[in-house]
Every structure is written in C-alpha cells, then in structure tokens.
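Because only heavy atoms are used, hydrogens play no part in the values below, and waters and symmetry mates are left out as well, while side chains stay in. Residue numbers begin at 1 in each chain, while the letters A, B, ... track the order of the sequences.
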Amino acid sequence: MSTIPIKGTYDFSKIEEKWRTHWQKNKVYKTIGPGEDGFIEGKPKCYILDMFPYPSGAGLHIGHPKGYIASDIYSRYKRMQGFNVLHPMGFDSFGLPAEQYAIEHNVHPAIITEENIDSIRSQLQFLGLSFDWDREIATSREDFYRWSQWIFTQLFDCYFDTDDIWQDGQGRAIHGRAKKIEDLELKFAEGKSYTEADRKILGEFADTSWGALKTADQKAVLNNYRLAYQQEVVVNWCPGLGTVLANEEVTNDGRSERGDFRVYRKPLKQWIMRITDYAARLLEDLDAPLEDRNGSPFALDWPEPIKIMQRNWIGQSFGAEVRFDIIDPMDGEIAGQLPVFTTRPDTLFGATFMVIAPQHPLIDSQKTSYLVPDEWPTNALDGWRGQEPRLDIREAIRKYIDTAATEVAVDQDKKEKTGIFCGIYARNPVNGEEIPIFVADYVSMDYGSGAIMAVPAHDERDHAFALAYGLKIVSVVEGDGQRDDQCYSGSGIAINSPVIGDSAFAINGLKSKEAKNKIIAELTETGLGKEAVHYKLRDWIFSRQRYWGEPFPLATHSEGYSITLDPPVVLPAMDDFRPETSDDPSRPVSPPLHRAGSEWATIEVDGETYQRELNVMPQWAGSCWYFLRFIDPLNSDVFCDKAKEGYFMPVDLYIGGAEHAVLHLLYARFWHKVLYDLDHISTPEPFKKLFNQGMITADAFQDERGVYIDIREVEFRDEVPYERGTDKKLTKSTGKMGKRYKNGLPPEEIGAEFGVDTLRLYEMYMGPLEASAPWSMEGIRGMQRFLQRVWRNFVDQDRLVKIGEGIEPELDKKLHQTIEKVTAHIEGLRFNTAIAALIELNNELVSLDKVPEAIARPFLQLLAPLAPHIAEEIWELADFAGEGVGMQEWPVSDPQKLVEDRVVLPIQVNGKVRDKIEVALSMNEDEIKELVLTLDSVKKHVADVGQIKRFILVPGKIVNIVV
RNA sequence: GCGAAAGUGGCGGAAUUGGUAUACGCGCUAGAUUUAGGAUCUAGUGCCCGAAAGGGCUUGGGGGUUCGAGUCCCCCCUUUCGCACCA
C-alpha cells in the first residue's frame with residue numbers, strides 16, 4: 001500500500017499539489033471582461049456555466065463533480081482554442097437545505113453557511129477545476145441578495161401588456177411584454193376602463209374615475225396587474241416545516257419532499273409571480289429562432305426530453321370557452337352564466353351535466369353568487385344526494401366542500417368519483433337542454449374556470465361519474481374502435497347532432513376537427529363563447545415562512561397596500577431563527593421574522609408608518625439570475641454592467657442535473673424575459689446550450705434491519721458482502737450515491753489514493769456524460785495505468801524527458817487521426833471516446849525509445865484539458881516554450897495526413913464476411929471484381945461466375961456478392 | 001394511465017448517412033521480468049461445435065423492408081425517469 005517514491009516515477013500527489021497552487025496563486029484562470037484592464041477587443045467569448053451547488057454540510061462526494069469536471073475540460077479546451085472563457089462558480093446558499101442543516105446542528109445559518117462554502121470551495125479547488133474564484137458569489141451574501149431584491153422590485157413595478165404585439169430583430173411577432181407599472185397608471189388616468197376583476201375589487205367605487213380613487217383602491221387595482229402580486233390563495237401548508245410549499249415540493253402522497261411531513265390545504269395571503277402571462281412566450285421560445293440585442297441569432301440547443309418536459313409543464317391546450325346560462329332554482333330565471341373551457345366543443349351536444357369545483361363561488365354561501373336552493377329539488381334522483389342523503393341540501397353540500405378542502409393536498413389513487421348535486425340547472429347553449437350541475441372534487445378550481453361541461457360518452461372521468469350517479473350518456477361521436485359500453489375519447493364523425501337546417505350548430509356528419517371549428521365559429525358569432533387557449537402552468541407562489549432567505553423589499557401600509565423599499569433590506573440577525581412548527585394544521589401562520597421585533601418590522605416612509613413584509617423569498621430566487629451576477633460580481637451600482645452582459649450573454653454551455661429540467665430552468669427563463677422586456681439585459685433567453693450529466697451510481701449495503709452500512713466497512717467473502725469483522729451478511733442494492741446510503745466517497749480520499757487526474761479521467765471515461773454509470777474501484781485503476789504509461793513514455797527513471805526527433809509516417813497519420821477524433825469528441829462532450837483515442841495513441845508510443853517532439857507537443861496539448869496536472873508537469877520537464885501547455889493553441893489536424901490511400905475491404909458472399917483484401921483506394925470496380933473472384937475463400941462459396949446475381953461494391957467500404 | 005429515455009461480451013461501454021458488431025478500459029488466461037507485488041511488459045479473450053482446418057450463432061423477444069439492419073418500420077417484454085382526475 002505504501003507508495004515509496006522511486007526516483008522518476010509518476011508522483012501524482014506532488015505534481016498535483018504543485019500545479020493546483022500555481023494556478024491559484026497566479027490567478028491563471030482569471031477572466032477579463034469588457035472595460036477591465038487587459039481586455040482584448042474582438043476576442044470571442046465562451047460562457048461555460050455549472051449549476052451552482054448549495055453548500056451542504058456533508059461536503060461533496062465523488063458523484064457531485066461529474067458535471068464540474070466536464071465543464072472544466074470544455075473550458076480548458078475552449079481557452080486553448082482562443083476563446084475568452086468565463087467559467088465561474090458560486091453557492092446557492094439561501095433556502096431550506098442550509099436552514100435545516102443549521103437547525104440540526106444548532107448553529108446559526110449565517111455562520112454554518114460560510115463554513116460550508118469554505119470547505120466545498122477547497123474541495124472544488126482540489127479537483128483542479130479552472131474556475132475564476134475572484135468571481136465567487138453566494139446568494140445569501142448581502143452584496144448578492146440586494147440585487148435579488150432589486151429584481152423583485154422590478155417585477156413588482158411592472159405589468160404584462162397583453163395587447164402589445166412587437167417584433168424582435170428576426171421579425172418574429174411576439175405577443176405581450178412587461179412594461180413599467182407607471183405606463184398602466186397613465187392609461188387608467190387617461191380613461192382606460194376597468195376589467196371585471198378590477199370592478200370586483202373596487203366594489204362600490206367601480207364607476208369612479210382613476211383620479212378620484214383613493215390610493216389604496218388604485219393600488220388594489222394595480223395588484224391585479226403586477227407581475228409580483230399579492231393574493232389569498234389555497235396553499236400547501238406544512239406545519240411540520242412551518243412553511244408553505246410549492247406544488248412541486250409536495251410528494252404524491254401529500255407529504256413534504258424535505259422532511260416527509262404532512263401537507264394541508266390552507267388559504268393564505270401570499271406573494272405570487274404572474275408567470276402564466278409568459279406561458280406562451282416560454283413555450284414558443286423553446287424552439288424559436290432568437291436574437292440578442294447585438295444582432296446575433298441563436299436558438300436553444302437543449303436535450304429534446306427537457307424541452308418536452310417544459311412543454312408538458314406549460315401544458316398548452318386549444319379549445320373553446322363556452323358559456324352556459326345558470327337557471328335560478330328559486331324563480332326559474334337566468335341567474336348568470338357559467339363559463340367552461342373545453343378542448344372538445346364538437347361534443348357539446350353530448351353534454352348531459354356540469355361539474356364545478358368544491359371551491360366554486362356558485363356554492364360558496366359567503367358569496368352573493370350563492371344559488372343553492374333551500375330544499376332538494378323534487379326531480380333530483382336519490383343517488384345525487386351524496387354520502388348522507390338524509391341531510392338537507394345546503395348542509396350536504398357544505399359538508400362535501402369541507403371534506404374536500406381539508407383533504408391532503410394531492411390525493412393519489414383516488415379513482416372513484418365522489419360528488420353531489422347542487423340543486424341548480426344550467427342550459428346548454430347549443431340545444432337549450434337543461435342539465436344538472438354537480439359539485440365534485442375531480443374538478444379543480446385552479447384550472448380553467450373551475451367548472452366543466454361533462455360529456456360522459458367521450459370523457460373517461462365524466463363517464464365514471466355518470467355511471468356512479470345514474471346520469472344520461474349520449475354518444476355524439478362515432479369513431480374507430482368505439483364500444484357501446486365504454487367511453488370513446490378519440491375523434492371521429494359527429495352523430496346525434498343537428499343536421500343542416502335544424503340549427504346553426506349543424507355538425508352532424510362532420511369530422512371532429514371540422515365540427516370543432518364550426519361550433520367555435522358559431523359560438524363566437526352568437527356571443528355564447530369563443531376560441532380559447534389554456535395552460536396547465538400556474539402562477540408561482542413566492543412567499544416562504546422561513547428565516548434563511550431574501551427578505552422582501554416591501555412594506556405594507558395600514559390601508560393594506562404595499563410599497564417597495566430600496567434594497568438592501570438586510571436580513572436581521574436573529575438568535576432564534578427557527579420556524580414555528582407544529583402538528584396542528586389550524587394554528588395561525590407566523591414566519592420567524594415576526595420575532596425580529598417591531599423595531600425592525602415597523603418602518604416610517606414619508607411620515608407614514610408601514611409594516612415590513614415578514615415572509616422571505618424561496619430558494620429559487622437567487623438561482624433565477626446568478627449567472628448574470630457572475631459577469632460583474634463586484635458591481636455596487638447595478639446588478640450587472642450592460643456592456644459586460646452584452647458581451648458574455650447568453651450562456652454558451654450550461655451543465656447540470658436533469659432534476660432541474662422544469663422548475664429552475666422555467667423560473668430563470670421567466671425572470672430573464674422580464675428583465676429583457678424591461679431592457680436591463682440583451683438576450684431573450686439565458687441558456688443557449690443545456691446539457692444534463694448523468695449520475696454516478698454506487699452499490700449500497702444494508703444489514704438485516706435495513707440500516708445502511710458504510711461501504712468502507714463492507715468486505716466480500718466468496719463474493720458475499722459482510723460487515724467488516726463480523727458475521728453479518730449484507731444485502732446489496734445499486735442506486736444514487738449519497739450520505740443517506742453511506743456509499744459516497746469524498747473526492748480527497750480517491751484523489752489521495754489514485755490522483756486527481758486519474759479521478760477526472762475515470763469519471764469521464766465511465767460512459768457517455770449524459771448516462772448514469774456505476775462507480776467501480778477496479779475501473780479507476782485503468783485510468784491510473786494510462787497516466788502511468790504516459791509518464792513512462794515521456795519521462796525516464798532519472799526524471800529526464802525522453803523526447804526525440806523524426807516521426808514515422810504511420811505514426812504521424814495516427815497522430816492526426818487522434819487530433820481529429822479528440823477535437824470532435826471534446827466539442828461534442830463525448831469525453832469517454834476522446835480518452836479512448838488518446839489511450840490508443842499512447843499505446844503506440846510504448847515501444848519507442850523516445851517520443852518524437854512532433855508527437856509529444858500535440859499529445860500533451862490534447863491531454864491537457866482532461867488531465868491538466870500531469871500534462872503541465874511533462875510540458876515543463878520537456879522545457880517546451882510558453883506559459884504552460886494550458887496556454888498553448890489547440891492542435892489542428894492536417895487533412896492531407898488523414899487521407900488513406902489503401903483500405904481493407906471486407907468481402908461478403910450473401911451478406912456473410914468470407915474474406916478481407918487490402919486494395920488501393922484508386923482501384924475501380926472491374927479491377928476489384930477480378931481480384932475478388934480469384935480468392936479461394938470466395939470461390940468456395942461461388943461455384944461459378946454465372947451464379948452471381950449481383951456484385952455490389954461500396955467504394956472504400958465493402959464488397960457483397962449475391963449468388 | 002400519459003410522456004420520455006434506455007436494453008450490445010463476465011462488467012463499464014464503442015460503432016457519421018444502413019456497409020468488417022464488440023473500439024477503449026476493467027476482469028480473466030498464459031508467458032516474461034521481479035525478493036515481492038493490487039507494479040511492469042508480451043500474447044490471448046463474444047458464444048457454441050470441432051484436436052485442427054473450419055463451420056454455425058450473436059446487439060431484450062418476434063415479425064418486416066434491404067444485396068446488407070445494433071442502426072429503418074410494425075408488434076411485444078423489461079428497466080429507469082418525468083407527469084398524473086388539466087376538462
């Protein structure tokens with residue numbers, strides 16, 4: 001085990017230590033941007049970004065840096081190609097993980113976060129990653145989060161003008177853009193009319209002109225437009241964590257992803273981001289030809305599966321909004337209208353009932369729209385009365401609503417449909433038929449209008465409900481594979497619908513698509529509905545009831561409206577930063593900043609008293625824009641200098657895990673577009689090329705109680721795993737590397753045993769970067785052997801380089817083929833095959849006494865991005881000129897030397913390889929045919945020439961004789 | 001249920017537009033060198049039959065297109081990931 005350093009052997013730890021120190025001390029990888037000393041005008045840039053880590057207390061294991069190694073190789077390669085590479089690193093240090101860790105270890109997050117950052121930074125430096133550490137940022141530092149707060153004020157002080165259709169440099173028409181809220185105020189002052197939502201808020205002042213409104217009422221209207229707005233919404237309240245969670249932070253069985261506590265639905269006033277306004281643009285720009293403000297075109301080069309996930313998440317669907325008249329059960333008059341969204345307007349004639357969500361205002365007894373009669377209508381079937389048919393109707397509905405409301409946020413596997421009749425009927429606009437309205441929890445308030453028209457013959461859910469409640473099923477579409485007793489949700493031909501002459505909605509006999517168009521046209525004509533587009537995407541709840549996050553730069557007036565405060569709003573130092581947790585979902589919500597005291601919470605602005613906002617922002621806030629701060633991290637005047645931003649953006653390569661496929665990437669794109677609309681930045685999208693690296697998986701071992709045993713405590717006897725020194729047999733499983741599974745190894749441990757260059761190479765050699773692959777302690781030795789062989793090929797026992805003159809033409813050809821391959825493979829992020837090509841070339845060098853200089857230089861250059869320490873060391877020993885191999889120009893292959901003049905041609909008979917011949921590439925078909933037919937191996941299978949049906953020659957590739 | 005990705009030796013994996021399947025590495029076998037080696041070097045290594053020459057088979061399974069299929073088309077199986085009453 002002991003490595004006695006024999007003179008001249010490859011002493012990786014000394015070499016790596018030496019170069020690591022050299023790079024850091026001399027700031028070799030410092031990036032110089034526009035306006036800074038030494039900036040070279042006209043030098044092309046390349047912005048290579050990693051998804052920054054949160055500074056966990058556990059530190060990094062060897063699985064973490066896979067993506068960082070990849071981006072480092074690419075960065076070093078691009079530098080050698082003459083690019084001004086920006087390759088920064090920072091820390092996502094606000095948020096739950098840091099706070100939870102602080103709570104567990106009873107240390108203040110402000111302290112533990114910086115400690116963790118220090119240790120992770122040194123881990124990253126140990127790996128020889130070429131970050132420019134002068135640009136380090138951390139989202140929890142005041143000089144960073146003041147700008148997160150500033151961006152929030154931008155979102156607060158703007159609105160999305162849907163009516164503005166504008167053109168980008170490509171001439172593409174874009175619908176809607178963010179504008180300053182003052183523009184909207186001006187429009188109102190000039191007489192812009194209020195929307196229905198505005199009027200609702202204004203109540204008795206709905207007809208008052210803008211100028212005559214009180215400030216509070218004006219602000220209340222503006223809240224309807226701001227991209228960051230406040231609203232009481234039903235949220236996922238997790239008393240166990242003492243905070244609200246985003247939908248995506250809640251698991252399928254209604255528990256918190258972090259901590260595994262129960263989550264409840266609770267109405268709460270929250271700050272929300274109006275991301276839905278950007279749904280169409282976020283969707284469109286995934287594939288659109290884009291252009292930055294310097295006129296350079298680009299398009300998103302993202303993995304298709306990630307684009308698909310984003311498309312699904314945004315969930316655009318086309319259809320129609322149809323308004324059904326509601327009939328007041330008391331007097332039979334039309335009491336209002338119930339708008340529904342449907343993707344199948346062609347099935348309107350099959351709508352036999354309607355369903356509304358439990359939160360729908362029609363059945364909210366507190367609202368004026370409440371229409372539930374005081375008795376069960378006589379024509380209501382018994383089965384329509386729900387679980388407790390004896391209850392009177394209002395009581396029964398109230399009970400049903402209550403149950404639905406308190407139920408765990410997401411209810412899985414709840415296939416059987418429940419619901420109850422509301423006692424109210426609606427009139428189908430296309431045929432005047434009166435149909436009952438049910439309330440059921442399979443319809444949710446936050447999609448569409450919270451109400452649906454139910455077409456049991458052609459919708460699975462409606463079908464199930466109709467069967468359970470004995471409702472009419474009318475088939476109106478006839479299509480392939482349809483069965484009488486089942487619902488048919490495909491398209492086909494309209495049936496059981498009016499024929500021409502009977503109705504304006506005559507669609508009988510039309511194909512589904514035509515029927516849709518006709519219905520939509522007619523609905524629009526008659527004012528009963530219109531074409532509509534809906535999105536699954538919801539607005540983004542932005543408040544967290546925690547301590548360790550950005551405070552909102554907001555304060556609230558006693559009349560209820562909020563104003564922005566100038567950042568920074570410094571997070572108050574608090575000894576007790578813990579959230580108030582409990583098991584009781586009904587306890588009032590009180591964020592930790594409550595305890596900062598009224599001295600902090602109360603603030604005076606222009607002689608008026610305001611209360612500071614006590615929620616903080618979610619962890620996403622910092623990661624929505626951190627890549628912009630890297631460009632200009634020390635600027636204290638603006639979040640990012642415009643000239644620098646214009647030079648470095650967009651990010652050319654963004655490497656990170658696929659777990660951020662939707663949320664982080666969608667949120668960051670959203671903020672970016674707002675900043676773009678407000679002309680703070682120059683690109684409509686932040687990340688040009690995205691790449692998701694795969695995981696490194698590892699075996700994990702559990703004892704019979706299911707307790708994980710540290711992999712270092714596992715030993716194998718006859719291939720059976722045991723806990724070291726005991727008779728305890730263990731069971732093996734394979735999966736994610738992590739602290740939980742006790743199967744993660746720290747990079748320092750592997751680096752000390754095998755060397756950092758070896759570790760880097762092995763992680764890249766394990767397979768394609770995007771794939772997951774299992775760690776193997778045997779496999780890594782192969783890479784160590786490779787580097788040892790490189791060392792021995794170049795350096796002798798006395799630590800003298802073995803570099804010579806001259807070069808064999810065959811080896812020269814091999815060199816140029818290798819340059820060609822390595823360049824293409826690194827460019828395509830296929831490092832595994834790049835390394836394989838280098839191994840092949842290196843194996844050719846083993847038999848030589850001296851490596852020709854004409855090979856040595858380019859070989860070390862090709863190796864430098866992958867294994868930088870050893871490459872630098874040999875380059876220095878060889879006394880090659882320049883400031884190190886990493887500063888050399890990337891080698892270029894000579895196309896002349898790549899040309900093959902002779903080629904081995906496989907000879908097939910009936911598709912089976914029977915022989916191989918080496919021929920000059922210049923030989924023509926007749927010559928080859930003549931030659932091939934003289935071969936014994938061919939004669940054996942081709943009795944006589946007359947049998948040959950076809951003679952196929954693919955020049956330079958293959959010969960196939962068909963007999 | 002919907003959507004996506006993947007399935008190649010004992011193992012990790014390679015293979016532009018269909019054109020020598022198994023590059024490269026691990027492991028294994030034999031030999032060399034060495035006091036020793038988890039060092040190094042050389043040779044071999046997909047599977048089956050065969051002493052050999054040689055032959056047959058092989059990219060999850062089954063069909064198809066083609067002179068020729070890991071690659072294209074259809075059906076099925078398995079694994080992983082994402083979404084999930086979205087009207």
Separation of [N] [atom2] from [X] [atom1] (nearest whole Å):
X         : N      : atom1 : atom2 : value
Glu770(A) : G13(B) : CD    : P     : 11 Å
Glu840(A) : G13(B) : CD    : P     : 19 Å
Lys536(A) : G3(B)  : NZ    : P     : 12 Å
Asn842(A) : C41(B) : CG    : C1'   : 14 Å
Arg311(A) : G3(B)  : CZ    : P     : 15 Å
Leu666(A) : C83(B) : CG    : C1'   : 14 Å
Glu460(A) : G1(B)  : CD    : C1'   : 9 Å
Tyr10(A)  : U40(B) : OH    : P     : 13 Å

Are any non-hydrogen side-chain atoms of Gln817(A) and Leu898(A) less than 4.5 angstrom apart?
yes
[X] atom [atom1], over 12 foreign heavy atoms within 6.0 Å:
X         : atom1 : result
Glu304(A) : CD    : yes
Glu531(A) : CD    : no
Lys939(A) : NZ    : yes
Lys736(A) : NZ    : no

Same-atom distance ([atom1]) from [N] to [M], integer angstrom:
N      : M      : atom1 : answer
A15(B) : G63(B) : C1'   : 25 Å
C57(B) : G68(B) : P     : 15 Å
G18(B) : U66(B) : P     : 16 Å
U16(B) : G7(B)  : P     : 13 Å
G54(B) : U59(B) : C1'   : 25 Å
A69(B) : G64(B) : P     : 12 Å
A30(B) : G13(B) : C1'   : 26 Å
C41(B) : G9(B)  : C1'   : 26 Å

Atom pairs, N/O to N/O, protein against nucleotides 62-64 of chain B, distance under 3.5 Å?
none

Could you say whether Tyr762(A) or Ala451(A) is positioned toward the 5' end of RNA chain B, judged by the nucleotide with the nearest heavy atom to each?
Tyr762(A)
Nearest-nucleotide check on RNA chain B, Ile308(A) vs Phe341(A); residue mapping nearer the 5' end is Ile308(A)
Taking only N/O atoms, report every protein-nucleotides 25-27 of chain B pair under 3.5 Å with atom names and distance.
residue	atom	partner	partner atom	Å
G25(B)	OP1	Asn843(A)	ND2	3.2
G25(B)	O4'	Tyr765(A)	OH	2.8
C26(B)	OP1	Arg785(A)	NH1	2.7
G27(B)	OP2	Arg785(A)	NH1	3.2

Check whether NZ of the Lys or CZ of the Arg Lys417(A) lies under 6.0 Å from the centre of the six-membered ring of Phe465(A) and within 45 degrees of that ring's axis.
no
side-chain contact (heavy atoms from CB on, under 4.5 Å) evaluation trace for Arg669(A) with Gln310(A)
CA-CA 11 Å; Arg669(A) 293 178 63 216; Gln310(A) 292 232 341; 2.8 Å; yes
Separation between CE (Met354(A)) and CG (Asp462(A)), nearest 0.5 Å, reads 10.5 Å
Measuring from atom CG of Leu829(A) to atom CZ of Phe831(A), what distance do you get when rounded to the nearest 0.5 angstrom?
4.5 Å
In residues 342-355 of chain A, what residues come within less than 4.0 Å of RNA chain B, judged by heavy atoms?
Thr342(A), Thr343(A)
Under a 4.0 Å heavy-atom cut-off, which of residues 817-836 of chain A touch RNA chain B?
Asn832(A), Thr833(A), Ala836(A)
Out of the candidates Leu348(A), Asn428(A), Ile520(A), only one should pair with Val322(A) under the side chain to side chain contact (heavy atoms under 4.5 Å, CB included) rule; please name it.
Leu348(A)
Under a 90° cut-off about 0 for the syn range, is G9(B) syn or anti?
syn
Return the polar atom pairs (N/O with N/O) between nucleotides 65-72 of chain B and the protein under 3.5 Å, or none.
residue	atom	partner	partner atom	Å
C67(B)	OP1	Arg950(A)	NH1	3.2
C67(B)	O2'	Asn960(A)	ND2	3.2
C67(B)	O2	Asn960(A)	ND2	2.7

It should be established whether Arg792(A) places a side-chain nitrogen or oxygen under 4.0 Å from OP1 or OP2 of nucleotide C41(B).
yes
Taking 4.0 Å as the cut-off, does a side-chain nitrogen or oxygen of Lys940(A) come that near to OP1 or OP2 on G55(B)?
yes
Watson-Crick/G-U partner (both atom distances under 3.5 Å) of [N]:
N      : result
U42(B) : A30(B)
G82(B) : C2(B)
A53(B) : none
G25(B) : C11(B)
C72(B) : G64(B)
U35(B) : none

For the side chain of [X], starting at C-beta, report the closest nucleotide among [options].
X         : options                : value
Pro774(A) : G12(B), U20(B), A87(B) : G12(B)
Pro305(A) : A4(B), C85(B), A87(B)  : A4(B)
Met309(A) : G3(B), G13(B), G82(B)  : G82(B)

Pair Phe859(A) and Phe794(A), ring centroids less than 6.0 Å apart:
yes
Apply side-chain hydrogen bond (donor to acceptor under 3.5 Å, both in side chains) to the pair Thr418(A) and Tyr400(A), showing each step before the final yes or no.
CA-CA 9 Å; Thr418(A) 61; Tyr400(A) 182 78; 2.8 Å; yes
When you measure from the side chain of Arg724(A) to the backbone of Arg712(A), do you find a donor-acceptor pair of N or O atoms at a distance under 3.5 Å?
yes
Please assess Asn960(A) against Arg950(A) for the test side-chain hydrogen bond (donor to acceptor under 3.5 Å, both in side chains), listing each intermediate value before the final yes or no.
CA-CA 8 Å; Asn960(A) 193 7; Arg950(A) 276 181 79 178; over 6 Å; no
Looking at Arg311(A) and Asp287(A), is there a salt bridge between them, counting it only when a charged N and a carboxylate O are closer than 4.0 Å?
yes
Scan nucleotides 28-37 of chain B against the protein and return all N/O pairs shorter than 3.5 Å with their distances rounded to 0.1 Å.
none

side-chain contact (heavy atoms from CB on, under 4.5 Å) between Val234(A) and Met445(A): does it pass, once the steps are laid out?
CA-CA 10 Å; Val234(A) 177; Met445(A) 198 59 214; over 6 Å; no
